[in-house]
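Below, all heavy atoms of this structure are taken into account, side chains as well, without hydrogens, waters or symmetry copies.
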Protein chains: 2
Amino acid sequence: MGGVSTSKQLPQPDRGEIRVDAVLQALGEPVRLTIVRALAGVPEGIACGELELPVTASTRAHHLRTLREAGVLTTRTEGTRRISKLRRDDLDALYPGLLDGVLAAKH
Amino acid sequence: MGGVSTSKQLPQPDRGEIRVDAVLQALGEPVRLTIVRALAGVPEGIACGELELPVTASTRAHHLRTLREAGVLTTRTEGTRRISKLRRDDLDALYPGLLDGVLAAKH
DNA sequence: ATCGTAGTACGATCCTCATCGAACTACTTC
DNA sequence: GAAGTAGTTCGATGAGGATCGTACTACGAT
(Lines give C-alpha, C1' and ligand atoms only; values in the text may rest on other atoms or scores of the structure.)
Protein backbone atom coordinates (compact mmCIF):
# COMPACT_ATOMS: atom_id res chain seq x y z
CA MET A 1 0.00 0.00 0.00
CA GLY A 2 0.95 3.65 -0.13
CA GLY A 3 3.42 4.99 2.38
CA VAL A 4 0.81 7.16 4.06
CA SER A 5 1.46 7.00 7.78
CA THR A 6 -1.86 7.61 9.49
CA SER A 7 -1.60 9.59 12.72
CA LYS A 8 -4.63 10.82 14.58
CA GLN A 9 -4.97 12.72 17.83
CA LEU A 10 -7.59 11.27 20.16
CA PRO A 11 -10.13 13.70 21.68
CA GLN A 12 -8.90 15.52 24.75
CA PRO A 13 -9.66 18.76 26.59
CA ASP A 14 -7.88 21.98 25.66
CA ARG A 15 -5.59 23.40 28.28
CA GLY A 16 -8.26 25.87 29.35
CA GLU A 17 -10.81 23.12 29.81
CA ILE A 18 -8.75 21.07 32.22
CA ARG A 19 -10.24 21.01 35.72
CA VAL A 20 -8.14 20.40 38.76
CA ASP A 21 -10.85 18.21 40.30
CA ALA A 22 -10.68 15.84 37.38
CA VAL A 23 -6.89 15.77 37.35
CA LEU A 24 -6.64 14.98 41.05
CA GLN A 25 -9.33 12.36 40.86
CA ALA A 26 -7.58 10.78 37.89
CA LEU A 27 -4.27 10.70 39.75
CA GLY A 28 -5.88 9.35 42.89
CA GLU A 29 -6.13 5.80 41.64
CA PRO A 30 -3.21 3.38 42.11
CA VAL A 31 -3.22 1.87 38.62
CA ARG A 32 -3.48 5.28 36.96
CA LEU A 33 -0.73 6.69 39.15
CA THR A 34 1.45 3.78 38.05
CA ILE A 35 0.74 4.67 34.45
CA VAL A 36 1.64 8.31 35.04
CA ARG A 37 4.88 7.31 36.76
CA ALA A 38 5.78 5.07 33.84
CA LEU A 39 5.05 7.81 31.30
CA ALA A 40 7.06 10.35 33.27
CA GLY A 41 10.23 8.45 32.47
CA VAL A 42 9.62 8.28 28.73
CA PRO A 43 9.03 11.73 27.18
CA GLU A 44 8.48 10.28 23.70
CA GLY A 45 5.53 8.28 24.97
CA ILE A 46 4.65 4.64 25.42
CA ALA A 47 2.31 2.28 23.59
CA CYS A 48 -0.50 0.89 25.73
CA GLY A 49 0.76 -2.65 25.33
CA GLU A 50 4.18 -1.79 26.75
CA LEU A 51 2.67 -0.89 30.09
CA GLU A 52 2.97 -3.72 32.55
CA LEU A 53 -0.06 -3.57 34.78
CA PRO A 54 -1.95 -6.06 36.94
CA VAL A 55 -5.18 -5.53 35.01
CA THR A 56 -6.69 -6.72 31.75
CA ALA A 57 -6.41 -4.83 28.46
CA SER A 58 -9.92 -3.44 28.71
CA THR A 59 -9.32 -2.04 32.17
CA ARG A 60 -6.08 -0.51 30.96
CA ALA A 61 -7.94 1.14 28.09
CA HIS A 62 -10.48 2.48 30.58
CA HIS A 63 -7.78 4.08 32.74
CA LEU A 64 -6.00 5.58 29.75
CA ARG A 65 -9.28 7.10 28.60
CA THR A 66 -9.90 8.54 32.06
CA LEU A 67 -6.44 10.09 32.14
CA ARG A 68 -6.85 11.47 28.62
CA GLU A 69 -10.26 13.00 29.31
CA ALA A 70 -8.94 14.57 32.50
CA GLY A 71 -6.17 16.18 30.48
CA VAL A 72 -3.30 14.26 32.04
CA LEU A 73 -2.08 12.58 28.91
CA THR A 74 -2.43 12.72 25.16
CA THR A 75 -2.80 9.77 22.81
CA ARG A 76 -1.79 9.56 19.19
CA THR A 77 -2.66 6.75 16.81
CA GLU A 78 0.29 5.46 14.83
CA GLY A 79 -0.73 2.61 12.62
CA THR A 80 -2.19 0.00 14.90
CA ARG A 81 -0.46 1.37 17.99
CA ARG A 82 -1.57 4.12 20.33
CA ILE A 83 1.20 6.16 21.81
CA SER A 84 0.41 7.99 25.06
CA LYS A 85 2.51 10.67 26.67
CA LEU A 86 2.16 13.02 29.60
CA ARG A 87 0.88 16.56 28.97
CA ARG A 88 3.71 17.93 31.06
CA ASP A 89 3.70 21.41 29.55
CA ASP A 90 -0.02 21.93 30.10
CA LEU A 91 -0.02 20.52 33.63
CA ASP A 92 3.06 22.49 34.64
CA ALA A 93 1.51 25.67 33.25
CA LEU A 94 -1.80 25.16 35.03
CA TYR A 95 -0.54 23.67 38.29
CA PRO A 96 3.17 24.42 38.63
CA GLY A 97 4.81 21.90 40.89
CA LEU A 98 1.92 19.50 41.12
CA LEU A 99 3.27 16.82 38.82
CA ASP A 100 6.81 17.09 40.14
CA GLY A 101 5.49 16.86 43.67
CA VAL A 102 3.55 13.72 42.89
CA LEU A 103 6.49 12.12 41.13
CA ALA A 104 8.76 12.97 44.05
CA ALA A 105 6.78 10.61 46.26
CA LYS A 106 8.75 7.58 47.40
CA HIS A 107 5.90 5.09 47.59
CA MET B 1 -14.00 24.64 87.52
CA GLY B 2 -10.26 24.97 87.18
CA GLY B 3 -8.84 26.91 84.26
CA VAL B 4 -7.54 23.78 82.58
CA SER B 5 -7.95 24.22 78.83
CA THR B 6 -8.33 20.77 77.31
CA SER B 7 -6.61 20.32 73.95
CA LYS B 8 -6.36 16.96 72.26
CA GLN B 9 -4.84 15.94 68.95
CA LEU B 10 -7.07 13.68 66.89
CA PRO B 11 -5.49 10.52 65.43
CA GLN B 12 -3.60 11.06 62.19
CA PRO B 13 -0.78 9.38 60.27
CA ASP B 14 2.83 10.31 60.92
CA ARG B 15 4.64 12.00 58.09
CA GLY B 16 6.24 8.74 57.08
CA GLU B 17 2.92 6.96 56.92
CA ILE B 18 1.32 9.37 54.47
CA ARG B 19 0.67 7.78 51.07
CA VAL B 20 0.43 9.82 47.94
CA ASP B 21 -2.48 7.70 46.67
CA ALA B 22 -4.54 8.61 49.69
CA VAL B 23 -3.63 12.29 49.49
CA LEU B 24 -4.57 12.56 45.82
CA GLN B 25 -7.78 10.65 46.31
CA ALA B 26 -8.66 12.89 49.23
CA LEU B 27 -8.02 16.02 47.18
CA GLY B 28 -9.92 14.66 44.19
CA GLU B 29 -13.34 15.40 45.61
CA PRO B 30 -14.95 18.83 45.08
CA VAL B 31 -16.17 19.39 48.63
CA ARG B 32 -12.87 18.32 50.14
CA LEU B 33 -10.93 20.49 47.72
CA THR B 34 -13.10 23.42 48.80
CA ILE B 35 -12.20 22.68 52.41
CA VAL B 36 -8.49 22.57 51.57
CA ARG B 37 -8.72 25.87 49.71
CA ALA B 38 -10.46 27.46 52.67
CA LEU B 39 -7.86 26.17 55.11
CA ALA B 40 -5.01 27.34 52.90
CA GLY B 41 -5.99 30.95 53.56
CA VAL B 42 -6.06 30.60 57.33
CA PRO B 43 -2.78 29.20 58.75
CA GLU B 44 -4.07 29.22 62.34
CA GLY B 45 -6.86 26.85 61.37
CA ILE B 46 -10.64 26.94 61.14
CA ALA B 47 -13.38 25.39 63.23
CA CYS B 48 -15.58 22.92 61.35
CA GLY B 49 -18.64 25.07 61.83
CA GLU B 50 -17.04 28.06 60.16
CA LEU B 51 -16.78 26.21 56.88
CA GLU B 52 -19.59 27.11 54.54
CA LEU B 53 -20.37 24.05 52.51
CA PRO B 54 -23.40 22.76 50.61
CA VAL B 55 -23.59 19.62 52.74
CA THR B 56 -24.91 18.65 56.15
CA ALA B 57 -22.81 18.59 59.29
CA SER B 58 -22.41 14.83 59.23
CA THR B 59 -21.14 14.85 55.67
CA ARG B 60 -18.74 17.64 56.56
CA ALA B 61 -17.44 15.56 59.47
CA HIS B 62 -16.97 12.64 57.12
CA HIS B 63 -14.87 14.69 54.70
CA LEU B 64 -12.77 16.17 57.48
CA ARG B 65 -12.07 12.69 58.77
CA THR B 66 -11.06 11.53 55.30
CA LEU B 67 -8.68 14.47 54.92
CA ARG B 68 -7.24 13.89 58.38
CA GLU B 69 -6.69 10.16 57.85
CA ALA B 70 -5.03 10.86 54.51
CA GLY B 71 -2.63 13.22 56.27
CA VAL B 72 -3.85 16.40 54.60
CA LEU B 73 -4.96 18.19 57.73
CA THR B 74 -4.65 18.01 61.50
CA THR B 75 -7.44 18.56 63.98
CA ARG B 76 -7.13 19.81 67.55
CA THR B 77 -9.91 19.83 70.09
CA GLU B 78 -10.27 23.12 71.93
CA GLY B 79 -13.15 22.99 74.33
CA THR B 80 -16.18 22.14 72.28
CA ARG B 81 -14.62 23.28 69.02
CA ARG B 82 -12.40 21.36 66.67
CA ILE B 83 -9.82 23.41 64.90
CA SER B 84 -8.48 21.99 61.62
CA LYS B 85 -5.45 23.23 59.76
CA LEU B 86 -3.46 22.10 56.75
CA ARG B 87 -0.34 19.99 57.30
CA ARG B 88 1.59 22.24 54.99
CA ASP B 89 5.03 21.40 56.32
CA ASP B 90 4.53 17.65 55.97
CA LEU B 91 2.96 17.85 52.53
CA ASP B 92 5.60 20.25 51.24
CA ALA B 93 8.35 17.99 52.58
CA LEU B 94 6.89 14.85 51.03
CA TYR B 95 5.58 16.29 47.77
CA PRO B 96 7.25 19.65 47.17
CA GLY B 97 5.09 21.79 44.93
CA LEU B 98 2.01 19.61 45.00
CA LEU B 99 -0.07 21.73 47.32
CA ASP B 100 1.01 25.01 45.78
CA GLY B 101 0.22 23.63 42.35
CA VAL B 102 -3.26 22.62 43.40
CA LEU B 103 -3.92 25.97 45.04
CA ALA B 104 -2.69 27.79 41.96
CA ALA B 105 -5.63 26.40 39.98
CA LYS B 106 -8.08 29.05 38.87
CA HIS B 107 -11.26 27.00 39.05
C1' DA C 1 -28.54 18.55 87.21
C1' DT C 2 -30.36 20.65 83.05
C1' DC C 3 -30.06 22.68 78.91
C1' DG C 4 -27.74 24.23 74.73
C1' DT C 5 -24.04 23.95 71.44
C1' DA C 6 -20.27 21.62 68.54
C1' DG C 7 -19.29 17.86 66.47
C1' DT C 8 -19.02 12.65 65.72
C1' DA C 9 -20.78 7.77 64.87
C1' DC C 10 -24.02 4.71 62.88
C1' DG C 11 -27.11 2.72 59.59
C1' DA C 12 -29.40 3.20 55.16
C1' DT C 13 -29.55 4.57 50.52
C1' DC C 14 -27.87 5.70 46.20
C1' DC C 15 -24.45 6.51 42.82
C1' DT C 16 -20.01 6.28 40.98
C1' DC C 17 -16.50 3.54 39.27
C1' DA C 18 -12.86 -0.37 38.85
C1' DT C 19 -12.97 -4.70 36.92
C1' DC C 20 -13.79 -8.35 33.72
C1' DG C 21 -15.22 -11.03 29.43
C1' DA C 22 -16.91 -10.85 24.98
C1' DA C 23 -17.85 -8.51 20.88
C1' DC C 24 -16.23 -5.05 17.91
C1' DT C 25 -13.08 -1.69 15.02
C1' DA C 26 -8.84 -0.50 12.75
C1' DC C 27 -4.67 -1.53 10.73
C1' DT C 28 -1.13 -4.93 8.79
C1' DT C 29 0.27 -8.91 6.41
C1' DC C 30 -0.28 -12.75 3.61
C1' DG D 1 -10.35 -11.52 1.11
C1' DA D 2 -8.65 -14.02 5.25
C1' DA D 3 -6.09 -14.16 9.26
C1' DG D 4 -3.64 -11.81 12.90
C1' DT D 5 -2.64 -8.08 16.05
C1' DA D 6 -3.53 -3.66 18.88
C1' DG D 7 -6.75 -1.61 21.17
C1' DT D 8 -11.59 -0.03 22.25
C1' DT D 9 -16.50 -0.43 23.55
C1' DC D 10 -20.36 -2.56 25.81
C1' DG D 11 -22.84 -4.74 29.49
C1' DA D 12 -22.74 -6.80 33.93
C1' DT D 13 -21.02 -7.13 38.49
C1' DG D 14 -19.29 -5.84 42.77
C1' DA D 15 -16.99 -2.66 45.94
C1' DG D 16 -16.33 1.79 47.63
C1' DG D 17 -17.95 6.07 49.04
C1' DA D 18 -20.92 10.54 49.27
C1' DT D 19 -24.96 11.76 51.35
C1' DC D 20 -28.51 12.14 54.79
C1' DG D 21 -31.14 11.72 59.28
C1' DT D 22 -30.94 10.29 63.80
C1' DA D 23 -28.78 9.11 67.90
C1' DC D 24 -24.92 9.91 70.58
C1' DT D 25 -20.75 12.16 73.10
C1' DA D 26 -18.28 16.08 74.95
C1' DC D 27 -18.00 20.52 76.73
C1' DG D 28 -19.89 24.95 78.62
C1' DA D 29 -23.28 27.81 80.98
C1' DT D 30 -27.06 28.46 84.05
For this session: Rounded off to whole Å, could you give me the NZ-to-C1' distance for the A:Lys8 and C:dA26 pair?
Result: 9 Å
Exercise. When we call it a touch if two heavy atoms are under 4.0 Å apart, what does B:Gln25 touch: a base, just sugar-phosphate, or nothing?
Worked result: sugar-phosphate
Exercise. Whole-Å distance between D:dG16 C1' and B:Arg32 CZ?
Worked result: 12 Å
Exercise. Nearest of D:dC20, D:dT8, C:dT19 to any side-chain atom of B:Thr59?
Worked result: D:dC20
Exercise. Taking side chain as C-beta onward, heavy atoms only, is A:Arg87 less than 4.5 Å from A:Val72?
Worked result: no
For this session: Taking only the side-chain nitrogens and oxygens of B:Arg82, find out if one of them lies under 4.0 Å from OP1 or OP2 of C:dT8.
Result: yes
Problem set entry | Distance, rounded to the nearest Å, where A:Glu78 contributes CD and C:dA26 contributes P | 18 Å
Exercise. Has B:Glu52 got more than 12 heavy atoms of other residues, nucleotides or ligands less than 6.0 Å from its CD?
Worked result: no
For this session: Look at the side chain of A:Val55 and decide which nucleotide, out of D:dC20, C:dT8, C:dC20, has an atom nearest to it.
Result: C:dC20
Problem set entry | Side-chain donor-acceptor contact under 3.5 Å, A:Arg68 with A:Thr75 | yes
Problem set entry | Nucleotide D:dT5, atom C1' - distance to CZ of A:Arg60 in whole Å | 13 Å
For this session: For D:dC20, take OP1 and OP2 only and decide whether either is under 4.0 Å from a side-chain N or O of B:Thr56.
Result: yes
For this session: Could you tell me whether A:Arg65 contacts a base, only the sugar-phosphate backbone, or nothing, with contacts defined as non-hydrogen atoms closer than 4.0 Å?
Result: sugar-phosphate
Exercise. Do A:Arg81 and A:Glu50 sit within salt-bridge range, that is, some charged N less than 4.0 Å from a carboxylate O?
Worked result: yes
Problem set entry | B:Glu69 CD - D:dG16 C1' separation (whole Å) | 15 Å
Exercise. Looking at D:dT8, D:dA18, C:dT8, which one has an atom nearest to any side-chain atom of B:His62?
Worked result: D:dA18
Exercise. Expressed in angstrom and rounded to an integer, what is the separation of B:Leu10 atom CG from D:dA26 atom C1'?
Worked result: 12 Å
Seminar exercise, completed: Scanning both residues in full, the closest heavy-atom pair of B:Pro13 with B:Ala70 reads CG-C, 4.2 Å
Exercise. Counting any heavy atom closer than 4.0 Å, what does B:His63 reach on the DNA or RNA strands: base, sugar-phosphate only, or nothing?
Worked result: sugar-phosphate
Problem set entry | A:Leu67 CG to D:dG7 C1', straight-line distance once rounded to whole Å | 16 Å
For this session: Would you kindly compare A:Thr80 and A:Ser58 by the position of their nearest DNA chain D nucleotide and give the one closer to the 5′ end?
Result: A:Thr80
Exercise. In whole angstrom, what separates B:Ile83's CD1 from C:dA6's P?
Worked result: 12 Å
